[in-house]
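Everything below concerns the one structure shown next.
Within every chain, numbering begins at 1; the chains are lettered A, B, ... in the order of the sequence lines, protein sequences first and strands thereafter.
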Amino acid sequence: MNAYNEYKSLDLPSLENEVGKFWVQEKIFEKSISTREGKTPFVFYEGPPSANGMPGIHHVMGRAIKDLFCRYKTQRGFQVNRKSGWDTHGLPVELSVEKNLGITKEDIGKKISIEEYNAECRREVLKYQDAWEKLTHKMGYWVDLKNPYITYENNYIETLWWALKQLFDKGLLYEGYTIQPYSPAAGTGLSTHELNQPGCYRLVKDTTVVAQFKIVNDEKSKFLFNDAVPVFFLAWTTTPWTLPSNIALTVGGEIEYSLVQTFNPYTAIPINVILAKALIGKYFDSNFENAEMNFEVGKKELPWKIISTFNGKDLEGIRYEQLLPFDSNKNVDLNDSQIPFADAGGKVVLGDFVTTEDGTGIVHTAPSFGSDDFRMAKKYGLGSLTLVDKQGKFIDGVGEFSGMYVKNYKDDAKYESPDVLICIKLKKENKAFKVEKYEHNYPHCWRTDKPVIYYPLDSWFVKTTAAKERMMQLNNIINWKPESTGTGRFGNWLENLQDWNLSRSRFWGTPLPLWKSEDDSEVVCIGSIEELKAQIKSSTENAKQFNIEYDAQSISENLKDLHRPFIDRIFLISKSGKKLSRTPDLVDVWFDSGAMPYAQWHFPFENKDLFAKNFPADFIAEGVDQTRGWFFTLHALATLLYDSVAYKNVVSNGLVLDKNGNKMSKRLGNSVDPFTTLDKYGADATRWYMISNSQPWDNLKFDLAGIDEVKRKFFGTLYNTYNFFAVYANIDKFIYKEDEISLEKRPEIDQWIISLLNSLVKTVQEDFDKYEPTHAARTIQEFVDEHLSNWYVRLCRRRFWKGEYTEDKIAAYQTLYTCLLTISKLMAPVSPFFADKLFRDLNLVSEKENSESVHLSQWPEVNENAIDKSLEERMQIAQDISSLVLSLRKKVNIKVRQPLNKIMIPVLNEYFQLQVEAVKDLILSEVNVKEIEFITETEGVIKKKAKANFKLLGQKLGKKMKVAADVIAVFNQNQIAELEKNHSIQINLENELVEILMAEVEIISEDIPGWQVANKNELTVALDITITDELQEEGNARELVNKLQKMRKDGGFNITDQVELTIEKQDFINATILHFKNYICAEILADDLQLVEQLSDAEVVEVNDFPIKIILKQKK
RNA sequence: AGUCCCGUAGCUCAGCUGGUUAGAGCACUACACUGAUAAUGUAGGGGUCGGCAGUUCAAAUCUGCCCGGGACUACCA
């Protein structure tokens, strides 16, 4: 009892296992929240992971960041609730279910009912929940797994409905029409996610055409006509099947276009054409520019001539004739009515997306089949033509093309491509300028392998653009780490904000709570289950009134699960007697997670107070890939619903790459399994490595060797330091029962390490407050390695293992104990297991702290009075001087055990001398030298050197700086003396006298002629290397002690065992033993030392190259 | 294509409100130390600070352009 645990080796994984068990048994996590009851909350939101995939090493990274700030704030006294969550809806779940069942989307509702399908999804979605929970425990991520929010639960969905209803009531939810990737073969729209499946973009050869659009000669276009020759726009397309649906031509306003005189290559008819000047070379051979104007079909030499050149702007509004007029495109659709083509299209418009990289610089625009095209139609009030139906075939009334599939969707062996047929037709009609095969990347439906087309589909949108300005304002008060993600990536995204397309035509997700009449005239948005019940009730009455059959009882039974298909079975009857059916779309899963601040509490149906206390979040953290995902949806919903930010601080962390900087992927086999990593290296070393190696927002090149290094350098050193303390504290029975020895009564070195320790606490606290964990970890590591272990413990070793239990010894124990305990608190957020073990090993004996775990303890308070910068400075001087002396010893090959008489240090000011004198004893014992002699300038033995202070002089001298620096660098001793005496000196710079002040120059002592000298910055040290007989004897004595200590150790003696020593007389050693007998005995714990004439059965050891015979025995 | 991040020793990273000879750890080599010892100390080699321009007396640091790696968003007529 009451002894510090001592360890034989450092085994992080088993240590963590043990600490983890302790946390569970003693409910430490629960206590970390319950003991902060009533304290200021620090609100954290957990971004819900999807448990239908295995966690990866990058999840350890992300969660380490989340965990460390939550733990830190707990230590700072805040109450930090952490509700966990699971993201359960969405495409990935559906895809894996389909894969498992071997079905496709078309089979749903046919081979398998929606009910069974969704039941399968529900089972699938938490498939890896166990693995996730295991990882959570293993890595020490504290989050409340017992009460997670789960996005598929009815309560969660009900809150989403509430949120949607809020938006609906504010007029922020509307139905619109957009162009989306659509697979006619599968009969379904595709998400961008689906298009990004591997292999969807494929290189295909398509028939392309540069079509000629004949310009109408009118007031606007007359500048293009000067004879009877017809003038055409040239426009290129890779999808000729969209040409019958052409509505407009788009040109770039600032792009230069030329009117070119030439012939149609297929008909040899003389024509004038317009295309971008920069692209003329693509269609015309420069050899035939201005050639004689005649041409025959089949000839290669196509003559051409530029008639004029103008800007795209000049073409705006010019009209052209419909390229392929049919019955069905005489009129076009515009605002639900039919308008003649010429009134709603057939003209040139300006678009900023036009480039001169390929094509002709004039873009064929078919609003139904391209999103740019669609945008242009909206902007210019153009109509649209959709001459292709959802099966992917031309509708009736497109002449010979009617009923043809635009791509070979039915695997018809005799299939003829309308692309080709249209090109042939155009050629014949003098409307094609160039037809060729073109190879390009085109998206394909990953399920059917058939080309996707872009097609207009109905969708519901959130009108985020309405709150664009407000969202940007609110973004300014969010503290982004790094800042650039907020101002750059996120800010930019907000500036170019589009409305949020909510609709997904899928099965497993939150159903849109919208019920619509068939004629679209009535829409009801439902905001709660109660409301839906009320609607069913009023529907019953409405139904009665209109004699419609309505069985409220059986309809209400579908309320038990708010998913499809049950919800689809609910229909309503409006006051006007219309049947309202649910819009079959689901809500984008990002809405699920963006609404988690409300839905996790089933707000506003329950927990109103809880929500109020937990909104907005103080802190969230996710990968930078969430910028336009979760970070956006949280922000958008908070702005729209509450005119508030959703989070005040956000850390967006980078990716975890493999050690070569490549993205980890299962396919490449370079992904790192988090479980084996944690098993082998431990969570603490892994977490410490991740946090200390690179800033969270930089990508981490994950290298297992780096974890090893952290384990050795940091944990190894800290463990050694603790073990050192434990071994001696147990011997001396130090249990911190004595009163605290006041700082001023402790030796300088104790004051120093305590000063550094307080500076450390301050820095680490500031770093954590600023969400800069990397600097915090590195600073802690530097303190432990450089200062505590390599200087404090090394210099103080003797204080621990020598002599009586004096006040000095107690001071040493108290100091080291305080350092270790404080370190345990500072490192606890990053490496929670080891920190807790360290804390408890110390505290179980001392019982100084009343917390049973470091994670329940209070963050150390900074004692500003203990911080002594002047002391820190002089200890730095001591370290530098010691290092210089050691390097001098090395240079002349005199080992440290050999004492030397003196070192000499030139002093240039009194303060410096005082600083050195204060740490003199430390230096002398560290470098084993008897005395320090200070050499002042008056003795004239120091060679000095002057150096310009660039910062000061540069501002003063400007251009002359370089010359001045050169002049000052070669100042002789007299000049320096003059400067020191008068505090200024005149120098000649390019024939101009300039006064240089003392303060503008640094003077350093460079050399003491005649001595061994070493320099570091302004510090200079000389070493007297004369070894007198006396020094030699002392050196021998110390060497002998060293050998004897080794014999003790090899002989397996305990540290405290007393010994008896016998040595055979030798000329070499006699004097030494005579003079240093007491010293030797004290060092090796010998009661007596016998010097005898002859020894048999003795051990022979070499002392400074002389063999000495020795018998060392344990005293009985 | 746009936006953002990153590029400093073989590797991982500091330094970047412009200022003197650009630092640390790891790795490598040599030597030393030895009651913290699978630790430690000292010394050494190793750099066009991604490239090119510009601003300036002075640029790793500020500006512009470019190259390479990565992320996201969009598009490919």
Pairs under 3.5 angstrom only: tabulate donor-acceptor contacts from the side chains of residues 702-715 of chain A to other protein residues two or more places apart or in another chain.
{"from": "Asp703(A)", "atom 1": "OD1", "to": "Ala705(A)", "atom 2": "N", "distance (Å)": "3.2"}

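- Within the 4.0 Å cut-off from OP1 or OP2 of C13(B), at least one side-chain nitrogen or oxygen of Asn693(A) is found.
- The stretch residues 363-374 of chain A participates, sequence neighbours left out, in these salt bridge (Lys or Arg N to Asp or Glu O under 4.0 Å) pairs: Asp372(A)-Arg375(A).
- When heavy atoms are screened at a 4.0 angstrom cut-off, Gln695(A) is found touching the sugar-phosphate backbone but no base atom.
- Just one residue in the list Leu350(A), Val348(A), Val349(A) forms a side-chain contact (heavy atoms from CB on, under 4.5 Å) with Leu315(A), and that residue is Val348(A).
- Set against G35(B), A77(B), A36(B), the side chain of Gln1045(A) has G35(B) as its closest nucleotide.
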Test side-chain hydrogen bond (donor to acceptor under 3.5 Å, both in side chains) applied to Thr717(A) and Ser789(A), step by step: CA-CA 7 Å; Thr717(A) 307; Ser789(A) 168; 5.3 Å; no

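- In this structure, the CZ atom of Phe631(A) is 18 Å from the P atom of C4(B), given to the nearest Å.
- Scanning for salt bridge (charged side-chain N to carboxylate O under 4.0 Å, His left out) contacts around Asp732(A) gives Lys809(A), with sequence neighbours left out.
- Residues from residues 777-788 of chain A lying near RNA chain B, meaning a heavy-atom separation below 4.0 Å, are Arg778(A) in numerical order.
- Ile255(A) has its CD1 atom 12 Å from the C1' atom of A77(B), to the nearest Å.
- At least one side-chain nitrogen or oxygen of Arg797(A) sits closer than 4.0 Å to the OP1 or OP2 atom of A36(B).
- Between A9(B) and G47(B), the two P atoms lie 10 Å apart (nearest whole Å).
- Among the nucleotides A77(B), G41(B), C76(B), the one closest to any side-chain atom of Thr238(A) is A77(B).
- Across all strands shown, Thr237(A) has heavy atoms under 4.0 Å from sugar-phosphate atoms exclusively, and none from any base.
- Closest to the Ser883(A) side chain, of the nucleotides C75(B), U42(B), A27(B), is U42(B).
- Listed nucleotides: A36(B), A14(B), U12(B). Nearest to the side chain of Asn720(A): A36(B).
- Nucleic acid contact for Ala705(A): none, since no nucleic acid atom lies under 4.0 Å from a heavy atom of the residue.
- Rounded to a whole Å, the CZ atom of Phe715(A) is 23 Å from the P atom of A36(B).
- Between the P atoms of C4(B) and U63(B), the separation comes to 12 Å (whole Å).
- Out of C13(B), G41(B), C26(B), the shortest distance to the side chain of Ser694(A) is found at C13(B).
- Under the salt bridge (charged side-chain N to carboxylate O under 4.0 Å, His left out) criterion, Asp588(A) pairs with Arg504(A), sequence neighbours left out.
- By the side chain to side chain donor-acceptor pair (under 3.5 Å) test, Trp630(A) is found to be paired with no residue, residues two or more places apart in sequence or in another chain being considered.
- With a 3.5 Å limit on both pairing distances and Watson-Crick or G-U wobble geometry required, the stems of 3 or more pairs in RNA chain B span B:1-7 with B:67-73, B:10-13 with B:23-26, B:28-32 with B:40-44, B:50-54 with B:62-66.
- One can place CG of Leu704(A) at 18 Å from P of C11(B), the figure rounded to the nearest angstrom.
- With sequence neighbours left out, the salt bridge (charged side-chain N to carboxylate O under 4.0 Å, His left out) criterion links Glu1039(A) to Lys895(A), Arg897(A), Lys1043(A).
- Among the heavy atoms of the strands lying under 4.0 Å from Asn1042(A) are primed sugar atoms or P, OP1, OP2 only; no base atom is included.
- Between Tyr7(A) and Tyr719(A), the ring planes are tilted. Angles from 30° to 60° get that label.
- Listed candidates were G41(B), A39(B), G25(B). Nearest to the side chain of Lys713(A) is G25(B).
- Relative ring orientation between Tyr320(A) and Phe233(A) is described as perpendicular, the plane-to-plane angle rising above 60° on a 0-90° scale split at 30° and 60°.
- Tyr719(A) comes within 4.0 angstrom of no nucleic acid atom, judged by non-hydrogen atoms across all strands.
- Atom pair Asn653(A):CG and C72(B):P shows a separation of 13 Å (rounding to whole Å applied).
- As rounded to the nearest Å, U40(B) and C33(B) have C1' atoms that lie 8 Å from one another.
- Distance Phe714(A) CZ to A39(B) C1': 16 Å, rounded to the nearest Å.
- Residues passing the side chain to side chain donor-acceptor pair (under 3.5 Å) test with Trp241(A): none are found, sequence neighbours excluded.
- A donor-acceptor contact closer than 3.5 angstrom links the side chains of Trp236(A) and Thr208(A).
- Here Asn699(A) does not reach the OP1 or OP2 of C5(B): none of its side-chain N or O atoms lies under 4.0 Å away.
- Within 3.5 Å, a donor on the side chain of Ser789(A) pairs with an acceptor on the base of A36(B), or the reverse.
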Could you list, one pair per line, each protein nitrogen or oxygen that sits under 3.5 Å from a nitrogen or oxygen of nucleotides 56-59 of chain B, together with the distance?
{"from": "C57(B)", "atom 1": "OP2", "to": "Lys959(A)", "atom 2": "NZ", "distance (Å)": "3.2"}
{"from": "C57(B)", "atom 1": "O4'", "to": "Gly958(A)", "atom 2": "O", "distance (Å)": "3.3"}
{"from": "C57(B)", "atom 1": "O4'", "to": "Lys959(A)", "atom 2": "N", "distance (Å)": "3.2"}
{"from": "C57(B)", "atom 1": "N1", "to": "Gly958(A)", "atom 2": "O", "distance (Å)": "3.1"}

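- Comparing the P positions of C57(B) and G50(B) gives an interatomic distance of 25 Å, to the nearest angstrom.
- Of the candidate nucleotides A39(B), C6(B), A77(B), C6(B) has the atom lying nearest to any side-chain atom of Asp698(A).
- Taking Arg794(A) as the reference, Glu926(A) meet the salt bridge (charged side-chain N to carboxylate O under 4.0 Å, His left out) condition, with sequence neighbours excluded.
- Rounded to an integer number of Å, the gap from Trp791(A) CH2 to A36(B) P is 17 Å.
- The interatomic distance linking Met376(A) (CE) with A74(B) (P) rounds to 20 Å, in whole Å.
- Across all strands, Arg889(A) comes closer than 4.0 Å to no nucleic acid atom at all (heavy-atom distances).
- Under the side chain to side chain donor-acceptor pair (under 3.5 Å) criterion, Lys8(A) pairs with no residue, sequence neighbours left out.
- Within the 4.0 Å cut-off from OP1 or OP2 of C5(B), not a single side-chain nitrogen or oxygen of Thr485(A) is found.
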